[in-house]
Amino acid sequence: MTQRTTYTSAGSGDTIVFLHGFCESKEVWTEFAKPLQQKFQTVALDLPGFGENTSGIADYSMEGMADYVMEKLGELGIKKCILVGHSMGGYVGMAFAEKYASMLNGLCLFHSSALPDTDEKKDNRNKTIEFVEKHGVEKFMQSFIEPLFYSENRDRLQKEIALMQEIGTNTPKESVIGGLAAMRDRKDRTDVLAAVKFPVLFIFGKEDGAVPLDKALEQCHLPDNSMVYFLGQTGHMGMFERTYETRKTLEKFAETIYG
């Protein structure tokens with residue numbers, strides 16, 4: 001029987017830590033991270049409420065998740081790292097940057113944002129919470145996962161879509177609702193982004209409905225040191241939709257920091 005664990009760690013050298021998005025798990029980084037392990041230590045965490053980290057979760061806030069990441073890095077003996085956050089993982093990354101900036105050599109917002117939800121987005125979160133409460137997680141996943149991928153990429157990525165469906169469907173209802181509420185209530189951290197002293201990498205999909213291009217452009221100029229990569233024909237799931245390009249971009253970013 002495979003031992004349940006809330007993190008994976010492989011490779012050696014300077015550290016890159018991966019945080020997954022909403023209704024995802026550390027598994028979304030498994031294949032993506034493997035080539036990077038030839039040069040770096042890669043760590044992928046299950047955030048509170050997701051993957052195999054679903055027992056006794058009381059705090060789904062971005063700040064609470066950031067505290068969990070800090071605690072886990074301490075347990076693993078990691079002093080400093082590059083933090084890579086996909087979607088909700090990027091929101092956690094921004095909360096982490098606000099609270100624990102000295103831990104970071106760099107930050108990658110991977111289809112993510114320092115901006116808060118708009119009023120329209122908050123209303124949609126509330127409607128989604130009501131839907132999940134009424135119809136359950138499995139029904140929600142039937143309409144949630146596929147639109148994360150750009151329409152023209154879906155046929156070739158059926159395996160990846162199925163993986164996301166499986167991870168999402170296995171997410172407890174309390175975690176889905178808790179995560180939605182926490183994302184809805186997260187604060188604006190563009191001031192944090194503007195103040196950071198470490199390099200920031202932004203990866204955006206031009207067809208990403210979750211982080212539209214205009215919102216991407218609002219923030220990518222804020223850090224003193226930033227790299228920005230816009231991907232055409234790419235939705236919200238660049239680690240699957242454009243694996244090689246996004247991984248090479250992250251690798252180059254890490255090499256400019258670690259040398």
Side-chain angles (χ1 to χ4, degrees), residues 2-30 32-33 36-37 40-110 112-114 167 170-172 174-187 189 192-193 195-201 239 250 254 257-258:
T2 303
Q3 184 179 2
R4 291 173 62 85
T5 177
T6 60
Y7 73 93
T8 59
S9 177
S12 60
D14 295 308
T15 305
I16 304 174
V17 175
F18 292 90
L19 306 180
H20 62 78
F22 174 64
C23 287
E24 298 173 10
S25 77
K26 62 184 180 299
E27 284 186 73
V28 300
W29 300 113
T30 300
F32 184 91
L36 296 171
Q37 291 155 12
F40 308 103
Q41 177 191 18
T42 70
V43 175
L45 305 179
D46 279 334
L47 291 168
F50 301 93
E52 296 183 17
N53 188 10
T54 57
S55 299
I57 309 301
D59 186 358
Y60 294 97
S61 71
M62 301 302 110
E63 296 82 1
M65 291 193 187
D67 289 341
Y68 171 81
V69 173
M70 182 64 180
E71 179 184 336
K72 185 57 68 174
L73 295 186
E75 290 175 13
L76 294 171
I78 295 168
K79 305 297 185 187
K80 293 196 80 166
C81 66
I82 293 172
L83 197 61
V84 180
H86 176 244
S87 195
M88 184 187 77
Y91 309 156
V92 178
M94 286 306 309
F96 190 94
E98 183 173 39
K99 300 185 80 170
Y100 307 112
S102 64
M103 287 286 295
L104 293 177
N105 288 312
L107 174 68
C108 173
L109 295 180
F110 201 114
S112 193
S113 175
I167 294 170
N170 288 330
T171 304
E174 307 78 50
S175 299
V176 176
I177 292 170
L180 285 163
M183 291 189 293
R184 177 197 65 200
D185 297 338
R186 76 184 189 280
K187 69 179 189 177
R189 287 194 166 88
V192 177
L193 199 55
V196 298
K197 303 303 182 187
F198 47 78
V200 180
L201 169 63
M239 73 281 280
L250 178 58
I257 292 170
Y258 289 135

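As a basis for the values below, the full set of heavy atoms in this structure was taken, side chains included, without hydrogen atoms, waters or symmetry mates. What you are looking at is a predicted structure, and each value in this text was computed from that prediction instead of being measured.
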Report yes if some heavy atom in the side chain of [X] is under 4.5 Å from a heavy atom in the side chain of [Y]; otherwise report no.
X: Arg186; Y: Met94; value: no
X: Phe22; Y: Leu180; value: yes
X: Phe110; Y: Leu201; value: no
X: Lys79; Y: Thr15; value: no
X: Leu45; Y: Thr6; value: no

For residues [X] and [Y], report the shortest heavy-atom separation together with the two atoms involved.
X: Cys23; Y: Thr171; value: CA-OG1, 4.1 Å
X: Ser9; Y: Val43; value: OG-CG2, 3.8 Å
X: Lys80; Y: Ser102; value: CE-O, 3.1 Å
X: Leu193; Y: Ala114; value: CD2-CB, 3.8 Å
X: Ser112; Y: Gly90; value: OG-CA, 3.2 Å
X: Thr5; Y: Glu52; value: N-OE1, 2.7 Å

Using 30° and 60° as the class limits, which term best fits the ring planes of Trp29 and Phe18: parallel, tilted or perpendicular?
-> tilted
Any ion pair linking Glu63 and Arg189 (charged N to carboxylate O, less than 4.0 Å)?
-> yes
What pairs with [X] under side chain to side chain contact (heavy atoms under 4.5 Å, CB included), at least two apart in sequence or on another chain?
X: Leu73; result: Val17, Val69, Ile78, Cys81, Phe96, Met103
X: Ser25; result: Glu27, Asp46, Ile167
X: Ala181; result: Ile129, Arg184

Distance (rounded to the nearest 0.5 Å) between Phe40 CZ and Asp14 CG = 7.0 Å
